[in-house]
Amino acid sequence: KRHKFWETQPVGQYKDVGDTSLPEGPIEPPTPLSEVKQEPYNLPSAYEWTTCDMNSEETCEEVYVLLKNNYVEDDENMFRFNYSKEFLRWALRVPGYYQSWHIGVRAKASKKLVAFISGIPARIRVNEDVVKMAEINFLCVHKKLRSKRLAPVMIKEVTRRVHLENIWQAAYTAGVVLPTPITTCQYWHRSLNPKKLIDVGFSRLGARMTMSRTIKLYKLPDSTITPGFRKMELRDVPAVTRLLRNYLNQFVVAPDFDENDVEHWLLPNDNVVDSFLVESPQNHEITDFCSFYTLPSSILGNQNYSTLKAAYSYYNVSTKTPMNQLMNDVLIVAKQKDFDVFNALDVMHNETFLKELKFGPGDGQLHYYLYNYRIRNGLKPSGLGLVLL
Ligand SMILES: CCCCCCCCCCCCCC(=O)CSCCNC(=O)CCNC(=O)[C@H](O)C(C)(C)COP(=O)(O)OP(=O)(O)OC[C@H]1O[C@@H](n2cnc3c(N)ncnc32)[C@H](O)[C@@H]1OP(=O)(O)O
Ligand SMILES: CCOC(=O)c1cnc2ccc(OC)cc2c1SCCC#N
């Protein structure tokens, strides 16, 4: 497949795959800041760049509405992600963020927001290297402006603005195959509300299965079973940071979280992220951790339902409580909070619980990418310790 834009970019090219003579690490050296293009890339004349201040209720609403109507849909157009405004503020206003990396495109005449792309700073470890990167996300062009080669301009513009902050690498995911994934993950789904998933057409009644038999199959206890299982609190940040850093050390690619990052990304935040830990009743040691984020989807073209309430597995660490027991408690909490489905990727050690806890494999894949950083040997999803939103 010809990739007229991606072939021009410092990313693993198809022709390079398997060439072990190429060194691991940055593909291109940094450019002297004086040589980075100072002015924005040209847009078609009817459009203009805008920087989106996510602190502004009005601008946040515009980004929310653009994504709600034009962001990612599954292949069967059954669902479209419906990230909430508080989720977007959480995902974009991270410690050390640059407002200039929250980039919009407006139609000059109407001032309507018609496209968006975002970057946030992150420290990502690749093997023994901790690299300052930009995490790129929420790339979205209005449905009416597709296939006009707007995306490459937006990607080049966010690249230019990231370069101006002396950052030369990036991490991103996509459902589409581009040059060249560092790994490809599979989504798995655990039904919590099987009747709704069957009614919307996502799941089907199993052979020789009645609806009541199916509901019973996915039934969960009313309360969690692990002694010492409780919501994470601010006072837990140092212990959770230690636990998580130690756990993530085993993966080839993982975030290099400090206490500041843990406080932002993992402290419970209503309708955005939930996190729990196990505090040993004997010695009050924090031995396990689990978390999920809230990402609803619009249900497209169904008379009875408009929204799917979905929870997504985030970071989980088990050192004393068996992973299956810990994650079963997470499913119990998600069901208590009225989620319809609990989703997880086959990254880290998730495979352990996916089969055991009645998850089913999805037909969607998620490809992970690094920009301007080559990883020699192909990574398995179990070697990946990074969850992007
Ligand atoms: C050092 C810092 C570096 C920072 C930058 C790092 C890189 C960050 C990269 C971005 C990471 C984003 C991560 C992220 O947000 C998570 S993935 C979600 C992306 N968004 C959506 O799928 C929303 C619905 N779709 C759309 O809005 C449009 O279809 C988009 C805007 C996706 C493409 O608009 P379009 O109107 O359909 O297409 P044209 O404008 O005509 O452009 C066609 C070209 O765009 C390439 N394309 C298509 N989808 C892509 C995708 N998801 N990533 C990268 N490239 C993508 C495509 O291969 C082709 O290039 P090629 O000819 O070479 O094949
Ligand atoms: C019921 C299981 O599927 C989903 O939860 C879901 C929801 N909304 C989406 C919106 C866009 C979309 O585009 C790929 C997929 C979904 C999916 S399946 C992949 C995400 C997971 N797990």
Side-chain angles (χ1 to χ4, degrees), residues 1-11 26 28 30-31 66-67 69-83 101 114-119 132-179 185-194 196-197 200-203 295-300 307-313 339-345 359-373 388-389:
K1 195 173 165 305
R2 303 284 308 147
H3 289 287
K4 298 299 283 174
F5 166 68
W6 281 108
E7 283 161 7
T8 69
Q9 297 297 294
V11 291
E28 279 177 355
T31 319
L66 174 74
L67 296 175
N69 297 325
N70 301 280
Y71 201 48
V72 190
E73 298 173 16
D74 65 297
D75 290 346
E76 291 163 40
N77 308 104
M78 187 181 295
F79 302 121
R80 181 165 54 238
F81 288 131
N82 180 16
Y83 288 87
W101 295 8
V114 294
F116 185 73
I117 188 168
S118 71
K132 279 217 73 172
M133 295 197 187
E135 284 176 6
I136 307 300
N137 206 345
F138 305 114
L139 167 61
C140 183
V141 166
H142 193 285
K143 284 169 178 271
K144 292 207 169 71
L145 295 178
R146 297 280 170 84
S147 308
K148 296 174 181 303
R149 309 300 293 180
L150 256 181
V153 179
M154 298 186 65
I155 294 165
K156 286 190 292 191
E157 181 59 15
V158 74
T159 302
R160 186 187 71 84
R161 296 189 190 191
V162 171
H163 285 166
L164 288 174
E165 303 298 342
N166 198 24
I167 291 174
W168 307 93
Q169 272 73 36
Y172 52 104
T173 58
V176 293
V177 180
L178 304 164
C185 306
Q186 182 113 36
Y187 278 114
W188 289 70
H189 315 291
R190 207 288 185 185
S191 292
L192 299 175
N193 183 348
K196 180 170 178 178
L197 294 181
V200 305
F202 174 79
S203 310
L295 168 50
S297 281
S298 303
I299 299 173
L300 309 174
T307 302
L308 179 81
K309 193 172 176 188
Y312 288 75
S313 178
F339 283 94
D340 297 320
V341 65
F342 189 93
N343 296 322
L345 289 165
F359 283 76
D363 49 19
Q365 289 190 315
L366 190 67
H367 308 282
Y368 273 73
Y369 300 94
L370 291 181
Y371 183 96
N372 194 20
Y373 200 94
L388 296 186
L389 303 171

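Keep in mind that this is a model prediction, so the values were computed, not measured. Whatever order the structure lists them in is the order used to number ligands and atoms, beginning at 1. Residue numbers run from 1 in the order of the sequence given.
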_Any His163 heavy atom less than 4.0 Å to ligand 1_ =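 Yes, His163 has a heavy atom closer than 4.0 Å to ligand 1.
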*asked:* Between ligand 1 and Asn70, can you find any atom pair, the residue atom being a heavy atom, that is separated by under 4.0 Å?
replied: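 It does, in that a heavy atom of Asn70 comes within the 4.0 Å cut-off of ligand 1.
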Could you tell me whether [atom] has a protein heavy atom closer than 4.0 Å?
| atom | answer |
| --- | --- |
| atom 48 (C) of ligand 1 | no |
| atom 5 (C) of ligand 1 | yes |
| atom 54 (C) of ligand 1 | yes |

Give the numbers and elements of all ligand 1 atoms closer than 4.0 Å to a heavy atom of [X].
| X | value |
| --- | --- |
| Thr173 | 13 (C), 14 (C), 16 (C), 17 (S) |
| Cys140 | 27 (O) |
| Val162 | 2 (C) |
| Gln169 | 1 (C) |
| Asn137 | 14 (C), 15 (O), 16 (C) |
| Leu150 | 40 (O) |
| Ala170 | 2 (C), 3 (C), 4 (C), 6 (C) |
| Ser147 | 35 (P), 36 (O), 41 (O) |

Nearest to [atom], what protein heavy atom do you find, and at what distance?
| atom | answer |
| --- | --- |
| atom 46 (C) of ligand 1 | Trp6 NE1, 4.0 Å |
| atom 8 (C) of ligand 1 | Ile136 CG2, 3.9 Å |
| atom 42 (O) of ligand 1 | Pro152 CD, 3.3 Å |
| atom 64 (O) of ligand 1 | His3 ND1, 2.6 Å |
| atom 11 (C) of ligand 1 | Tyr172 CD1, 3.6 Å |
| atom 34 (O) of ligand 1 | Ala151 CB, 3.6 Å |
| atom 58 (O) of ligand 1 | Leu178 CD2, 3.4 Å |
| atom 22 (O) of ligand 1 | Val72 CG2, 3.6 Å |

Answer whether the closest heavy-atom distance between the side chains of [X] and [Y] falls below 4.5 Å.
| X | Y | result |
| --- | --- | --- |
| Val153 | Lys148 | no |
| Glu7 | Pro179 | no |
| Glu76 | Asp363 | yes |
| Lys309 | Leu192 | no |
| Tyr369 | Ile136 | no |
| Thr31 | Trp168 | yes |
| His367 | Leu178 | no |

Using distance alone, determine whether [X] and ligand 1 share an N or O pair under 3.5 Å.
| X | result |
| --- | --- |
| Glu7 | no |
| Tyr371 | no |
| Ile167 | no |
| Phe138 | yes |
| Phe5 | yes |

Distance in Å, [X] [atom1] paired with [Y] [atom2], rounded so as to fall on 0.5 Å steps:
| X | Y | atom1 | atom2 | result |
| --- | --- | --- | --- | --- |
| Glu135 | Leu388 | CD | CG | 5.0 Å |
| Thr159 | Asn372 | OG1 | CG | 10.0 Å |
| Gln9 | Glu28 | CD | CD | 8.0 Å |
| His142 | Lys144 | NE2 | NZ | 5.0 Å |
| Leu67 | Cys140 | CG | SG | 5.0 Å |
| Tyr172 | Ile117 | OH | CD1 | 10.5 Å |

*Assign the ring pair Tyr71 / Phe138 to parallel, tilted or perpendicular, where the plane angle (0 to 90°) is split at 30° and 60°.*
tilted
Just go through [options] and tell me whose heavy atom is the nearest to [atom].
| atom | options | result |
| --- | --- | --- |
| atom 31 (C) of ligand 1 | Leu139, Val153, Val177 | Leu139 |
| atom 27 (O) of ligand 1 | Asn372, Ile117, Val141 | Val141 |
| atom 60 (O) of ligand 1 | Arg149, Lys4, Glu73 | Arg149 |
| atom 37 (O) of ligand 1 | Arg146, Arg80, Lys143 | Arg146 |

*Protein residues near ligand 2, heavy-atom distance below 4.0 Å?*
Val72, Glu73, Asp74, Phe79, Phe81, Tyr187, His189, Phe202, Ser297, Leu308, Tyr312, Val341, Asn343
*So, Asp340 side chain and Ala310 main chain: donor-acceptor pair closer than 3.5 Å or not?*
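Here the side-chain-to-backbone pair does not exist.
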*Any sub-3.5 Å donor-acceptor pair from Tyr187's side-chain atoms to Leu366's backbone N or O?*
no
_Residues, nucleotides or ligands: over 12 heavy atoms within 6.0 Å of Lys143 NZ_ = yes
*Going by an N to O cut-off under 4.0 Å, is there a salt bridge joining Arg161 and Glu165?*
no
*Is ligand 1 under 4.0 Å from a heavy atom in the side chain of Tyr369, in the backbone, in both, or in neither?*
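No part of Tyr369 comes within reach of ligand 1.
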*asked:* On a heavy-atom basis, which atom in Tyr83 and which in Leu389 lie closest, and how many Å separate them?
replied: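 Heavy atoms of Tyr83 and Leu389 come nearest at OH-C, 3.5 Å.
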*Can you name the closest pair of heavy atoms from Arg146 and Val141 and give their distance?*
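That would be NE-O, 2.7 Å.
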*Qualifying residue, where the test is ring pair (Phe, Tyr, Trp, His ring centres under 6.0 Å) with His189 and the options are Phe79, Phe342, Phe202, Phe359*: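 That would be Phe202.
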